[in-house]
Undergrad: 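Structure in structure tokens, see below.
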Amino acid sequence: MTANAKKAIKIGSMCFLAYLAVYLARNILSTVTPAMQAQGFTKDAIGVASSIYFYTYAVGQLINGAIGDKIKAKYMMCVGLACAGICNLLFSWFNTHSGEYGAIPVPAYIAYGATGFFLAMIYGPMTKIVSENTEMPYTTRCSLGYTFASYFGSPTAGLLATFLAWQSVFTVSSMVLITMSVVLFISFTVFERKGIIAYGRFKRERQKGEKGSVRMLFDRQIVKFCLVSILTGVVRTSVLFWLPTYFAERLALGSERATLTFTVASLFISCGSFIVIFIYEKMGHNMDKTVLVMFSSAAVGFTLTYFVSETYLNVVLIVFSIMSSNGAATMLWSRYCPGLRDTGIVSGVTGFLDFLSYMAAATANIVFPFLIEKQSWSWESIVLVWLSLMVVGVTIALPWKKWSRRATNA
């Protein structure tokens, strides 16, 4: 094993564990939603809490992504993990000590929003540290590792929700975040001393007549991938959030079976990132073609999901659809963003794209429960909305010349 490979494994392993902790915490509310509803919490109240989280996470990505290009990733990530753990714990505490069980009090909303902001201190700086301290193909492999962690967080949260009361699930996730903060700080300090991690390796110095970093992004299809971020953000975040409720209501599985089905389904979804990288390599490392195939597959999957009513076949189809959409997201986060390291603003760009993704998801998390509860839309109608998003994805993934004058092959 080469020295570069060993270094990538060490950095990638810590990033994987840190991001697994992030997505464990991020998926808790989704997995315990059926249990909270059974205790009197309304779908609207839970939807508002999740939307507040997504909005603050989105704004946090925009702010912290830019800061991440200036401050060491070690400090950004460790402070974010520790503070998010504290706020996550407060959310559960406020909900069980408000004096009005079944209603989410204002302090709980504030605490959950703060959780989103602090967790947004992780992704941008982490992508920057990977892109600056590893070489291809290890950069993509590291990025794939924590992309997998983002999907694997769902079944992990679901597993906890299967065996623990919803309040205890929040407590466990908070302890994981705080512990991970300490472990990460110690590990990165050791890596710095051994020369495994260094900062500022790609500070770009603009030459006379050369385009600035921001202008370069337009030659790198930034507009196209902004749209990819928005569309996949709704599916990988909002659709996944409501999946346990979808199982419980449209497929009539009930609270416990819905949570168990979600756990198993999300295990398969978490493996999709490895499948899409295999497809990407078989397509000659062509990012554009891979994104087109993924959106097309998702569109077909959601079409079949609409028409098929048999319970477990429907589960298979919606899982396939989400996996396909996530495949396009994998290209964005594991291939496109790390490939921008020569611009010197990897953290800022990654944060901006994640900002767009979560703003879209937050809006969807307000719209979907409103359509279901206030406008009496059926889940079948919501599936058609998801399908329409994937059709838009197919449209933007077509090889339009206006996206870029530069090829996106690896």
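The first residue of the sequence shown is numbered 1, and numbering continues consecutively from there. Quantities reported herein were computed from a predicted structural model and do not represent experimental measurements.
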Undergrad: Taking atom types as modelled, is there a side-chain donor on Asn95 or Gln167 under 3.5 Å from an acceptor on the other?
TA: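 No donor-acceptor contact under 3.5 Å links the two side chains.
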
Undergrad: Decide whether Thr330 and Tyr280 meet the rule of one side-chain donor and one side-chain acceptor closer than 3.5 Å.
TA: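 Their side chains do not contain a donor-acceptor pair, so the 3.5 Å distance test is not met.
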
Undergrad: Any chance you could lay out the side chain to side chain contact (heavy atoms under 4.5 Å, CB included) test for Cys87 and Tyr112, step after step, and finish with the verdict?
TA: CA-CA 6 Å; Cys87 293; Tyr112 204 57; over 6 Å; no

Undergrad: Evaluate the ring planes of Phe91 and Phe170, with Trp represented by its six-membered ring, and classify them as parallel (under 30°), tilted (30 to 60°) or perpendicular (over 60°).
TA: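 Ring orientation, 0 to 90° scale: tilted.
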
Undergrad: Using 0.5 Å steps for rounding, measure from the CG atom of Leu81 to the CE atom of Met76.
TA: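 Spacing of CG (Leu81) from CE (Met76) equals 11.0 Å.
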
Undergrad: Which residues satisfy the salt bridge (charged side-chain N to carboxylate O under 4.0 Å, His left out) test with Glu256, sequence neighbours excluded?
TA: none

Undergrad: Return yes if some donor-acceptor pair links the side-chain N/O of Ser266 with the main-chain N/O of Thr263 below 3.5 Å, else return no.
TA: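 Here the side-chain-to-backbone pair exists.
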
Undergrad: Within the distance-only criterion (no hydrogens, no angle test), does the side chain of Thr179 pair as donor or acceptor with the backbone N or O of Val176 below 3.5 angstrom?
TA: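 No, the answer is negative, given that no donor and acceptor are paired below the 3.5 Å cut-off.
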
Undergrad: Once you measure the plane-to-plane angle for Trp379 and Tyr246, does it fall in the parallel (<30°), tilted (30-60°) or perpendicular (>60°) bin?
TA: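 Rings of Trp379 and Tyr246: perpendicular, over 60°.
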
Undergrad: Side chains of Thr189 and Lys74: donor-acceptor distance under 3.5 Å anywhere?
TA: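 Judged by distance alone, the side chains do pair up.
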
Undergrad: Give the minimum heavy-atom separation between Ile178 and Ala82, together with the two atoms involved.
TA: CG1-O, 4.0 Å

Undergrad: State whether the side chain of Tyr336 and the backbone N or O of Arg220 hold a donor-acceptor pair below 3.5 Å, judged by distance alone.
TA: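 Looks like yes, one N/O pair under 3.5 Å.
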
Undergrad: Once you round to the nearest 0.5 Å, how far does CD1 of Ile129 lie from OG1 of Thr134?
TA: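 Between Ile129 CD1 and Thr134 OG1, I get 10.0 Å after rounding to 0.5 Å.
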
Undergrad: Are any non-hydrogen side-chain atoms of Ile67 and Asn64 less than 4.5 angstrom apart?
TA: yes

Undergrad: Look only at the side chain of Thr350 and the backbone of Gly124, and say whether a donor-acceptor pair between them is shorter than 3.5 Å.
TA: no

Undergrad: Between the side chain of Thr303 and the main-chain N/O of Ala299, is any donor-acceptor distance below 3.5 Å?
TA: yes

Undergrad: Once you round to the nearest 0.5 Å, how far does CG of Leu317 lie from CD of Glu310?
TA: 9.5 Å

Undergrad: Measuring centre to centre across the rings, with the benzene-like ring taken for any Trp, is Phe262 within less than 6.0 Å of Phe247?
TA: no

Undergrad: Which distance, rounded to the nearest 0.5 Å, do you find between the CD1 of Ile197 and the NZ of Lys72?
TA: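 Those atoms lie 10.0 Å apart.
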
Undergrad: Can you name the closest pair of heavy atoms from Ile46 and Met36 and give their distance?
TA: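 Taking every non-hydrogen atom into account, CD1-CB, 4.0 Å.
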
Undergrad: Any donor-acceptor pair under 3.5 Å linking the side chain of Ser173 with the backbone of Ala25?
TA: no

Undergrad: For Tyr306, look at atom OH and say whether over 12 heavy atoms of other residues, nucleotides or ligands are found less than 6.0 Å away.
TA: no

Undergrad: Check whether any side-chain heavy atom of Gln221 sits under 4.5 Å from a side-chain heavy atom of Asp288, and report yes or no.
TA: yes

Undergrad: Determine whether a donor-acceptor pair (N or O, by modelled atom type, separation under 3.5 Å) exists between the side chain of Thr56 and the backbone of Tyr53.
TA: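 Side chain of Thr56 to backbone of Tyr53, a donor-acceptor pair under 3.5 Å: yes, one is there.
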
Undergrad: May I ask you to test the Leu243-Ser30 pair for a side-chain heavy-atom distance under 4.5 Å?
TA: no

Undergrad: Checking Ser381 against Ser378: is there a side-chain donor and acceptor pair closer than 3.5 Å?
TA: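 Judged by distance alone, the side chains do pair up.
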
Undergrad: So, Phe274 versus Phe278, ring centres under 6.0 angstrom or not?
TA: no

Undergrad: For Ser321 and Gly301, work out which heavy atoms get closest and say how close.
TA: OG-C, 2.8 Å

Undergrad: First locate atom CG of Leu17, then atom CE of Met180, and finally report the distance between them rounded to the nearest 0.5 Å.
TA: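 Answer rounded to 0.5 Å: 5.0 Å.
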
Undergrad: Are the side chains of Leu160 and Val32 in contact, using a 4.5 Å heavy-atom criterion?
TA: no

Undergrad: Main chain of Leu89, side chain of Ser174: is a donor-acceptor contact present, judged purely on distance under 3.5 Å?
TA: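 Answer holds: yes.
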
Undergrad: Just by distance, do the side chain of Ser168 and the backbone of Leu164 share a donor-acceptor pair under 3.5 Å?
TA: no

Undergrad: Would you check if Leu177 and Ile86 make a side-chain contact, meaning some heavy-atom pair closer than 4.5 Å?
TA: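 The answer is no, as the side chains (C-beta and beyond) never meet within the 4.5 Å cut-off.
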
Undergrad: I'd like to check Val234 versus Phe368 (side-chain heavy atoms, cut-off strictly below 4.5 Å). Are they in contact?
TA: yes

Undergrad: With a 4.0 Å cut-off, would you call Arg236 and Asp354 a salt bridge?
TA: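 Looking at Arg236 and Asp354, the cut-off is met.
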
Undergrad: Report the C-alpha distance between Phe94 and Ile110 in whole Å, list the side-chain angles of each, state the deciding distance to 0.1 Å, and finish with yes or no for side chain to side chain contact (heavy atoms under 4.5 Å, CB included).
TA: CA-CA 10 Å; Phe94 283 131; Ile110 295 172; over 6 Å; no

Undergrad: Looking at every heavy atom in both Ala258 and Pro244, which two are closest together, and how far apart are they?
TA: CB-O, 3.5 Å

Undergrad: Go through it in stages, so that I can follow the logic: the residues are Ile222 and Leu353, the test is side chain to side chain contact (heavy atoms under 4.5 Å, CB included), and I'd like the CA-CA distance, side-chain angles, deciding distance and then a yes or no.
TA: CA-CA 9 Å; Ile222 186 63; Leu353 289 170; 4.2 Å; yes

Undergrad: Determine the minimum heavy-atom distance between Ser324 and Met294, stating which atoms define it.
TA: O-CB, 3.2 Å

Undergrad: SG/Cys78 to CD1/Ile122 distance, rounded to the nearest 0.5 angstrom?
TA: 8.0 Å

Undergrad: Please confirm whether Tyr123 and Trp333 have ring centers closer than 6.0 angstrom.
TA: yes

Undergrad: Please give me the minimum heavy-atom distance between Ala397 and Phe295, naming the atom from each residue.
TA: CB-CD1, 4.2 Å

Undergrad: With a 4.5 Å limit on heavy-atom distance, are the side chains of Thr305 and Arg250 in contact?
TA: yes

Undergrad: Are Asn314 and Ser309 packed together at the side-chain level, in the sense that at least one heavy-atom pair is separated by less than 4.5 angstrom?
TA: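 No, side chains not in contact.
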
Undergrad: With no hydrogens and no angle check, is any side-chain donor or acceptor of Thr42 less than 3.5 Å from a backbone partner on Ala45?
TA: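 Present.
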
Undergrad: For Val48 and Ile104, what are the C-alpha separation, side-chain angles and deciding distance, and is it a side chain to side chain contact (heavy atoms under 4.5 Å, CB included)?
TA: CA-CA 10 Å; Val48 169; Ile104 296 180; over 6 Å; no

Undergrad: Is the distance from the ring center of Phe117 to that of Tyr57 below 6.0 Å?
TA: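 No, the ring of Phe117 stays outside the 6.0 Å limit from the ring of Tyr57, centre to centre.
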
